[in-house]
Number of protein chains: 2
Amino acid sequence: MIENKPINSNPNVSVDCVVFGFDGSDLKVLLVERYRRDNLDFQDDTLVLPGDLINNNEDLNEAASRVLYDLTGLKKIFLQQIGAFGSPKRLTKPKDIVWLEAVRMNPEARVITIGYYALINIKNYKVRPSSFAKHVVWRGYDEVGELGFDHNEIIVKAIHNLRDQLYREPIGFELLPNHFSLHQLYSLYNEIMGGGIDRRNFRRRMLKTGFLKETEEYQEGVPHKPARLYTFIPEEFENASKNNFKFY
Amino acid sequence: MIENKPINSNPNVSVDCVVFGFDGSDLKVLLVERYRRDNLDFQDDTLVLPGDLINNNEDLNEAASRVLYDLTGLKKIFLQQIGAFGSPKRLTKPKDIVWLEAVRMNPEARVITIGYYALINIKNYKVRPSSFAKHVVWRGYDEVGELGFDHNEIIVKAIHNLRDQLYREPIGFELLPNHFSLHQLYSLYNEIMGGGIDRRNFRRRMLKTGFLKETEEYQEGVPHKPARLYTFIPEEFENASKNNFKFY
DNA sequence: TTTTCAAAGTGTAAATTTTACACTAAGTTT
DNA sequence: AAACTTAGTGTAAAATTTACACTTTGAAAA
């Protein structure tokens with residue numbers, strides 16, 4: 001199936017997105033089965049990151065947003081560029097070549113990809129009932145196995161970047177519902193940072209920042225004392241950022 | 001002057017390098033006068049970052065290294081990727097278009113550039129006596145004026161990245177001679193971070209890290225007490241990095 | 001040779017931040 | 001009513017960070 005892309009698709013530059021989601025205990029990554037996505041007529045169980053060639057008239061961020069919209073139906077997803085991946089060998093695994101020849105108009109073309117990571121609230125992402133969803137799968141970020149192309153490398157970089165940002169920018173909230181318990185927030189941080197965070201100290205520190213506001217809502221349907229829900233106030237964060245703020 | 005580039009030069013992807021140098025008190029950036037570099041027959045006083053289209057068979061880092069080698073004669077320069085810049089408008093200033101039409105085989109091509117920053121010991125960079133050097137100029141990093149293309153944006157990103165890394169990775173030493181005084185190191189950090197660092201505390205902290213070793217050498221030719229020179233021990237840094245090291 | 005100048009080099013006490021740690025409270029299920 | 005599960009809370013010790021000023025040393029000038 002050779003692509004029927006817009007003529008203005010650029011053969012040399014693509015974007016690939018590491019979409020993170022948090023299910024309450026594990027940090028997951030969204031992967032696609034490329035042979036099903038692309039309706040190939042041969043078997044190939046390779047998983048890859050969602051991605052595509054860019055169009056010549058679109059910005060890189062736009063391209064990444066487009067890819068995510070096509071995949072999830074979501075707009076305004078949190079997106080962060082993590083850099084360019086351009087090894088001349090990045091598309092030279094045997095299966096990758098087969099795939100390129102089946103799908104690309106010029107399979108020999110040198111392709112540089114721009115990596116992004118995206119954060120979505122996994123609850124907002126409704127798996128579409130159509131065949132569309134059949135090629136999509138969530139995997140624990142450290143259990144993805146060997147992906148196609150250089151996509152393992154991109155995930156590693158994305159994780160680094162995510163950890164780096166987690167205590168500098170208020171990005172964790174992107175992965176949670178609008179109203180969340182401190183336990184959810186704690187689990188998220190603890191999971192992303194690889195464990196070892198003290199629960200009480202974490203709670204104190206987060207509250208001290210002043211950009212969590214308590215709501216009058218509580219957890220529901222849990223078989224124990226329900227936790228109070230909090231919400232993140234972006235304005236307070238902006239404020240704090242101006243005046244020598246230290247998250248941690 | 002249309003370029004006589006290797007055929008395998010990729011029309012859609014370039015690299016641009018923000019080369020930082022430190023002269024003892026100011027952080028400088030290396031810029032080129034593009035009309036002189038490219039022997040154009042019209043006047044154009046625009047300054048730009050050193051950069052070039054990549055070749056199809058070379059890695060992105062290789063391309064950046066090549067650009068720096070061509071410019072400075074130096075190999076093994078410290079290089080760090082800072083990301084891709086790909087706005088469709090990034091080459092649309094009037095003067096930029098004139099330049100593209102004079103120099104590029106396909107001036108309309110969409111070009112994504114991969115930004116790098118490089119750190120060099122300014123003393124090692126001998127301005128070549130030939131005409132080669134005539135198009136090169138050092139400028140204070142915050143006094144570069146309006147550059148061609150989107151190169152101001154790239155510098156801003158480079159500075160951010162540099163500041164970010166300065167206390168995490170031992171990159172400051174790249175800008176200094178092998179043997180340096182603590183005063184030089186202090187000035188460097190203080191300049192890059194925008195001032196306000198306490199001199200005594202800085203000295204203590206740096207020594208405490210354990211990856212500075214004192215030499216038996218002293219400053220020479222200064223009209224006051226000569227400072228002891230130190231040297232950076234990469235092995236000690238690697239060591240410290242493994243065991244929960246915190247620079248700051 | 002003495003004085004002057006400029007930067008090198010040094011220590012401490014107070015404030016702040018970080019860390020380690022365990023029991024009571026509240027709601028649900030049995 | 002008892003048992004279970006997670007929510008929610010405080011403190012003291014240790015470590016780190018901060019603020020701050022005088023003495024030393026060598027070269028240059030007088």
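Below, read A as the first sequence line, B as the second, and so on, with proteins coming before strands; counting in each chain starts at 1. Just the heavy atoms: all of them, side chains too, but no hydrogens, waters or symmetry mates, feed the values below.
- At the phosphate of dG9(C), OP1 or OP2 sits under 4.0 Å from a side-chain N or O atom of Arg203(B).
- For Arg204(B), whose side chain is taken as the heavy atoms from C-beta onward, the closest listed nucleotide among dT19(C), dG9(C), dT12(C) is dT12(C).
- Distances from the side chain of Asn201(B) to the nucleotides dT24(D), dT18(D), dA7(D) place dT18(D) closest.
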How does DNA chain D read in dot-bracket, base by base from 5' to 3', with Watson-Crick or G-U pairs under 3.5 Å and | used when the partner is on another strand? ||||||||||||||||||||||||||||||
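- The minimum heavy-atom distance between Leu147(B) and Thr46(B), with the atom names listed, is C-CG2, 4.1 Å.
- Straight-line distance from the CG atom of Leu207(B) to the C1' atom of dA8(C): 13 Å, rounded to whole Å.
- Residue Pro226(B) is in sugar-phosphate contact alone, with no base atom involved, counting any heavy-atom pair closer than 4.0 Å across all strands shown.
- The shortest non-hydrogen separation linking Ile112(B) to Ala84(B) is CG2-CB, 4.3 Å.
- Sequence order on DNA chain C of the closest nucleotides to Arg228(B) and Lys225(A) puts Arg228(B) first from the 5' end.
- Between Arg199(A) and Tyr186(A), the closest heavy-atom pair is CA-CE1, 3.7 Å.
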Assess the residue pair Ile171(A) and Tyr117(A) against the criterion (side-chain contact (heavy atoms from CB on, under 4.5 Å)); give the C-alpha distance rounded to whole Å, side-chain angles, the decisive distance to 0.1 Å, and a yes or no. CA-CA 12 Å; Ile171(A) 59 177; Tyr117(A) 76 85; 3.7 Å; yes
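- When every heavy atom of Tyr116(B) is checked against every heavy atom of Asn61(B), the shortest pair comes out as OH-OD1, 2.7 Å.
- Close placement of the Phe180(A) and Phe173(A) rings is indicated, their centers lying within 6.0 Å of each other.
- Nucleic acid contact for Arg200(A): base, since at least one base atom lies under 4.0 Å from a heavy atom of the residue.
- The number of heavy atoms from other shown groups lying within 6.0 Å of NE2 (His160(B)) does not exceed 12.
- The side chain of His224(B) has dA6(C) as its nearest neighbour among dG9(C), dA19(D), dA6(C).
- For the pair Gln219(B) CD and dA6(C) C1', the computed distance is 11 Å after rounding to whole Å.
- Judged by distance alone, with hydrogens and angles left aside, the side-chain atoms of Gln219(A) form a donor-acceptor pair with the main-chain N or O of Ala227(A) at under 3.5 Å.
- Spacing between atom OH of Tyr167(B) and atom P of dT17(D) amounts to 11 Å, rounded to whole angstrom units.
- Classification of the Phe202(A)-Tyr189(A) ring pair by plane angle, with boundaries at 30° and 60°, yields tilted.
- Rounded to whole Å, the distance from CZ on Phe202(B) to C1' on dT18(D) is 16 Å.
- Near-neighbour residues of DNA chain D inside residues 181-199 of chain A, defined by a heavy atom below 4.0 Å, number-ordered: His183(A), Arg199(A).
- One atom, CZ of Phe180(B), and another, C1' of dA7(C), lie 18 Å apart when rounded to the nearest Å.
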